[in-house]
Q: 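To start, I am sharing the structure in question, which I have written as C-alpha cells.
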Amino acid sequence: MPELPADHAPALPEATDFIREIVNADILSGKYRMGDIRTRFPPEPNGYLHIGHAKALYIDFGIARDYHGKCNLRMDDTNPSKEDVEYVEAIKDDVRWLGFEWDGDVRYASDYFEQMYDYAVMMIEKGLAYVDDQTADEIAATRGTLTEPGQESPYRNRSVAENLDLFARMRAGEFPNGARVLRAKIDMASPNIHMRDPVLYRILHIPHHRTGDAWCIYPMYDWAHGLEDSIEGITHSLCTLEFEIHRPLYDWLLAPLPVHKPQQIEFSRLNLTYTVMSKRRLLRLVQENRVSGWDDPRMPTLCGMRRRGYTPTAIHAFLKCVGVTKYNAITDVALLESCLRDELNKVTPRYLAVLNPLKLVITNYPEGQTEWLEAINNPEDPDAGTRKIPFGRELYIEQDDFRETPPPKYHRLSPGQEVRLRWAGIVTCQEVVKNQDGTIAEIRCTLDRDNTDRRVKGTIHWVDAKHAVNAEVRLYDRLFNKEIPDAVAEGEDFIDNLNPDSLQVLTSCKVEPALAELASEDKVQFERLGYFCADRFDHQPGKPVFNRTVSLKDTWAKIEQKGSKENAAEAKPASATKPQADADGAGLISMDDFSKLQLKAARVLAAERIPNTDKLLKLTVDCGEQRQIVAGIALHYQPEDLVGKTIIIVNNLQPAVLGGVESQGMLLAAKRKKELRILTVDGEIPPGASVG
RNA sequence: UGCCCGAUGGUGUAAUGGUAGCACAACUGAUUCUGGAUCAGUUUGUCUUGGUUCGAAUCCAGGUCGGGCAGCCA
C-alpha cells in the first residue's frame, strides 16, 4: 500500500464509482483527509470465501489503497453456534492469496464484547433499551407484518433500574437460553421492520471459539456491527445491498453514544451465470458430495478457483470490469473466463500434450531415432525463450485431429491429406490401420521436412511416443447447465441443474517430458487445448496431474456445431410463426441463435382441421403441459393419423396466430421434394422431455 | 397490501443538463506453424408516459418491471 507523502496532500483519486464519489465528497468537504480513510472486510468465520467476497475485498481494500488509507480484516464472530476457527485460517489464506494486506492484526468482533456490553448499559440508562421476557415466538408474533404495525411488549416500560439489574443477571448466567433478550426501544409501528424494537442481545450458553466461557450473552449483528466499525475508526462501512434497510438502525444505535460514526454504504453483490454463490448452496454441494470439497476446482470458492488455476491478477481484472453499482446484475461467466485467458495467454509457457492419444507412424523416418526439436515457449513473450522437444518415428496425436471422412472446413488430418506437425514438418496421411473391431489402430504418414515454409491449412500438436510421459488430466466444465441455476420449476431445485459432465478425468494422456518436472500450481498452456495447472495437491513430479483451468477459444467447435445444426435444420419447422411464409410452407424462419431453440417431445392428444383453411391442422399436444399447435400439414397428414403419436416441437417460440388460431409452438418436419414428413419419436420419451 | 432500493445494446459498465462510449458476447474480414493470440470492421441500447429546459440517459411527477425486508443469523 503506498504511503502517504509527508509533505503534501496527494491528489484526489478519480471517482470511478459511486462509493468513491462519496469518499471524494467527504474529503472535499473536510470531513476526512486523505489517509484517514479506513475500511474493513468483515466476514463471519462460518464458511469459505468465494468470488462474491472477492468483489467486496476488491472494493474495501481498493478504496483504502486509493486514498492512502487502511483496511482491516475483521472476523464478525458474534454467533458461537455457527462459527469455527477452522474458517478463520482459511479466510486469511484466501485474502492473502488475492494479494490484499490488512492493517495490523486480524480483528475480532469478540474482542469488543466488553465495550459493547458497556454501551448497552448506556443505552439502558438512556431509556433506549429494555429487557424483554417474551419468548422468541411471542416476539415474532407481536412484530406485526409488512403491512401491519407490531404491538409493544408488556415489558417495554420497565424501569431503568430493573433493566440494568436484569441485563446484568443475563450476563451473569442466571437465565437459560431464550429466557430474555435485550431490545432497543424504537418504534413498534415503524414501516421498517428492523426498527420495531430489534433484539440487541440474546442468551446463548455456548462456548465461543475465542472467548471460551466468558460470555453467555452475545450481541446481535445490528448492535455489534456499527460498534465494531466505530471502535476501529472505520470511515466508510461498505456492505451489500441487503443491509440497506438496516442502515437507519445502524445510525440510530450509534447516534446516542459518544462514539465515532461511520457511514454505511451498500453496493450490489456479485452474481455469475452458471454459478450458485450462497453459502447455503455451496455447503449443500459439499455435503451431498456433488463436488469433492470446498476447494473442488468447479466451486466458485477462492480456494476452488485457486486449485482450478485462476490467478489473483485475472480475478482483479475481472472485478475491475464488473465495477461497483447498486444494480442487481448477473455477470456473464464468459467475462471472468475472458479475463483469465487474457492473463494466462500472456504468462503461461506452451507445451504439447495429447489428451486422447492416437498413434501416428512416420513411415519414412528411421526406427529408433530421436531428434530434439526447438520449440518456442511463449509466442507472446520473447523472454520466455525456447526448449527442446523429442521427436521420433512414432508419435501420439489427438483423436480429434483425425477424421476418416472429414466434415467440410476440417483443416486437420484425413486420408490423403496433409497437416503440419507443430515444430516438426508436414505429414501426409497414407494409410489408416484398423483393429479387428473396426476402430482405428494407427495412422501411417510420410513426413516432409524440406519444403515446410508453404502454407498448410492445419497445424496439430503431438507427443513423441518413446519419450511421452503418462499424465492424468481433469477436464472441468461449468458446474451447472443453466444460466441461472436457481431458476427452476416447482418441486425442483438448483441441484437438478447440475451439469453431469462438469468433470471428466482422463488417465492415459501423453505429455512431453518437460511437463513431468512442473511444480504444483504451475500454470501452462497445452497448445491448441487450453490452459492447465499442475494440481495443487495431487500433482507430483514424474506423476503429473493437471487441471484444465479454461479451454482455448475454439472456433472449430463453433463451425462444427453450426454445420451439424444446419444439417439438422434440413428438418426444418413446417408450420410458421411468420404469416408471410409462402404457400408451400417453405418460407425461411431465421433465428439469431439456433442453440436457444428448445425442442421437446410432445404427445398428440387431439387433431382437427381448421375450418376455411386447406393446409392447417390444429394439434392439441402434451409437452409437459397442454398446448395447441397449428401446423400447415393438412395436405400430407390426416388428423386421425397423428393422435397418439409423439412428435417433436419447438417449445420456446412466441405464440403466433395462424388461420385465426393461436399456435403455441411449432412441430418439426422435414420436406424433401414434394414429400413432407413429420419427425416422430419411436422410443419411450415422456411428453415434455427435452430432445436434441 | 407497507417500506426501502434499482432500471443504458444479449451481458456488465461509462457519460453527473450539451456528440450515448468501453469491455465481454456475437458476426465479417486480414494475418498466423496454436481454428489460440493479434489487427480492422459490423450488428444491437437510455423501461414507459408526461413535465421542466434552447437542449434530458441525467432533473421532477405518475406508471411498469426487477430486487430487498416480518431470525434470539450475518
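All values below come from the heavy atoms of this structure, side chains included, with hydrogens, waters and symmetry mates left out. Computed from a predicted model, the values in this text were never measured in an experiment.
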Q: Output every pair passing salt bridge (charged side-chain N to carboxylate O under 4.0 Å, His left out) with a member in residues 191-202 of chain A, not counting sequence neighbours, ordered by first then second residue.
A: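 For residues 191-202 of chain A, and leaving out neighbouring residues, the salt bridge (charged side-chain N to carboxylate O under 4.0 Å, His left out) pairs sorted by first residue read A:Arg156-A:Asp197.
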Q: Rounding to the closest angstrom, what is the interatomic distance between B:A40 and B:U48 at atom C1'?
A: 39 Å
Q: Might you work through the side-chain hydrogen bond (donor to acceptor under 3.5 Å, both in side chains) test for A:Glu374 and A:Thr386, ending with a clear yes or no?
A: CA-CA 6 Å; A:Glu374 186 161 59; A:Thr386 60; 2.9 Å; yes
Q: Pairs counted as Watson-Crick or G-U wobble with both distances under 3.5 Å: what dot-bracket string results for RNA chain B, using | for bases tied to another strand?
A: .((((((..((((....[..)))).(((((.......)))))....(((((..]....))))))))))).....
Q: Enumerate the residues from residues 76-86 of chain A whose closest heavy atom to RNA chain B is under 4.0 Å, giving them by residue number; use none for an empty result.
A: A:Asp76, A:Thr78, A:Asn79, A:Lys82
Q: What interatomic distance, in whole Å, is found between P of B:U52 and the corresponding atom of B:C4?
A: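 Here B:C4 and B:U52 have their P atoms 27 Å from each other.
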Q: Is any side-chain nitrogen or oxygen of A:Thr331 closer than 4.0 Å to OP1 or OP2 of B:U11?
A: no
Q: Go nucleotide by nucleotide along RNA chain B from the 5' end; which of A:Asn177 and A:Arg420 gets its closest nucleotide reached first?
A: A:Arg420
Q: When the C1' atoms of B:A23 and B:U44 are considered, how many whole Å apart are they?
A: 15 Å
Q: Find every protein N or O atom lying less than 3.5 Å from an N or O atom of nucleotides 3-6 of chain B, and list the pairs.
A:
{"from": "B:C5", "atom 1": "O2'", "to": "A:Glu244", "atom 2": "OE2", "distance (Å)": "3.4"}

Q: Please state the C1' separation for the pair B:G66 and B:A14 - nearest whole angstrom.
A: 22 Å
Q: For a side-chain hydrogen bond (donor to acceptor under 3.5 Å, both in side chains) check, start with the C-alpha distance between A:Ser338 and A:Arg341, then their side-chain angles and the critical distance, and finish with the verdict.
A: CA-CA 5 Å; A:Ser338 164; A:Arg341 287 194 185 101; over 6 Å; no
Q: Work out which heavy atom in A:Lys55 is nearest to a heavy atom in A:Gly323; give both atom names and the distance.
A: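 Heavy atoms only, the tightest pair is CE-O, 3.7 Å.
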Q: Check whether A:Phe175 forms a cation-pi arrangement with A:Arg169 (NZ or CZ under 6.0 Å from the six-membered ring centre, at most 45° off the ring normal).
A: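 The answer is no; the distance or angle limit is not met.
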Q: Does the side chain of A:Lys558 get closer than 4.0 angstrom to OP1 or OP2 of B:A26 through an N or O atom?
A: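 Yes, because at least one side-chain N or O of A:Lys558 sits under 4.0 Å from OP1 or OP2 of B:A26.
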Q: Say we look at B:U8 and B:U53: how far apart would their P atoms be, to the nearest angstrom?
A: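 The same atom, P, in both gives a distance of 28 Å.
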Q: Once you round it to whole Å, what is the distance between P of B:C72 and CZ of A:Arg171?
A: 23 Å
Q: What heavy-atom pair brings A:Cys339 and A:Cys321 nearest, and what distance separates the two atoms?
A: SG-SG, 4.3 Å
Q: Measure from the side-chain heavy atoms of A:Thr147 and tell me the nearest of B:A74, B:A14, B:U1.
A: B:U1
Q: Looking at A:Tyr130, is A:Arg183 sitting on its ring face, NZ or CZ under 6.0 Å from the six-membered ring centre and within 45 degrees of the normal?
A: no
Q: If only side-chain N and O atoms of A:Arg455 are considered, is one of them under 4.0 Å from the OP1 or OP2 phosphate oxygen of B:U32?
A: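 Yes, within the criterion.
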Q: Please step through salt bridge (Lys or Arg N to Asp or Glu O under 4.0 Å) for the pair A:Lys326 and A:Glu244, ending with a clear verdict.
A: CA-CA 10 Å; A:Lys326 296 179 75 120; A:Glu244 214 161 16; 2.8 Å; yes
Q: Does the side chain of A:Arg143 get closer than 4.0 angstrom to OP1 or OP2 of B:G71 through an N or O atom?
A: yes
Q: Would you say the side-chain atoms of A:Arg40 and A:Ser237 include a donor-acceptor pair closer than 3.5 Å?
A: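 On atom types as modelled, these side chains qualify, holding a pair under 3.5 Å.
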Q: Cation-pi check, A:Arg180 to A:Tyr201: give yes when NZ or CZ is under 6.0 Å from the six-membered ring centre and within 45° of the ring axis, no otherwise.
A: no
Q: I would like to know whether A:Arg454 and A:Glu418 meet salt bridge (Lys or Arg N to Asp or Glu O under 4.0 Å); could you show each step before the answer?
A: CA-CA 12 Å; A:Arg454 66 178 199 272; A:Glu418 62 175 19; 2.5 Å; yes
Q: Under a 4.5 Å cut-off applied to non-hydrogen side-chain atoms, are A:Glu527 and A:Arg422 in contact?
A: yes
Q: Under 6.0 Å from the NZ atom of A:Lys320, do we count more than 12 heavy atoms belonging to anything else shown?
A: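 No, because the 6.0 Å sphere around NZ of A:Lys320 holds 12 heavy atoms or fewer from other groups.
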Q: For B:G71, does the glycosidic angle fall within 90° of 0 (syn) or outside that (anti)?
A: syn
Q: Of the nucleotides B:C73, B:A70, B:C24, which has the atom closest to the A:Ala334 side chain?
A: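 Between B:C73, B:A70, B:C24, the one nearest the side chain of A:Ala334 would be B:C24.
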Q: Take atom C1' in B:A26 and the same atom in B:G45, then report the distance between them in whole Å.
A: 16 Å
Q: For atom C1', what is the distance between B:U19 and B:U58, given to the nearest Å?
A: 16 Å
Q: If each of A:His194 and A:Val322 is mapped to the nucleotide of RNA chain B with the nearest heavy atom, which maps nearer the 5' terminus, i.e. the 5' end?
A: A:Val322
Q: Can you tell me how far C1' of B:C33 sits from CH2 of A:Trp462, to the nearest Å?
A: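 In whole Å, B:C33 C1' and A:Trp462 CH2 are 13 Å from each other.
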Q: When you compare B:G10 with B:U46, how far apart are their P atoms, in angstrom units rounded to a whole number?
A: 9 Å
Q: Side chain of A:Val181: nearest nucleotide among B:C72, B:G12, B:A74?
A: B:C72
Q: Salt bridge (charged side-chain N to carboxylate O under 4.0 Å, His left out): which pairs involve residues 184-193 of chain A, sequence neighbours left out?
A: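 Every candidate salt bridge (charged side-chain N to carboxylate O under 4.0 Å, His left out) pair involving residues 184-193 of chain A fails, so no pair, neighbours aside, qualifies.
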Q: Are A:His225 and A:Asp76 close enough, and set up right, to give a side-chain hydrogen bond (donor to acceptor under 3.5 Å, both in side chains), and what steps lead you there?
A: CA-CA 8 Å; A:His225 206 89; A:Asp76 205 1; 3.0 Å; yes
Q: What does the B/S/- profile of nucleotides 34-45 of chain B look like, 5' to 3', with a 4.0 Å heavy-atom cutoff to protein?
A: BBBS--------
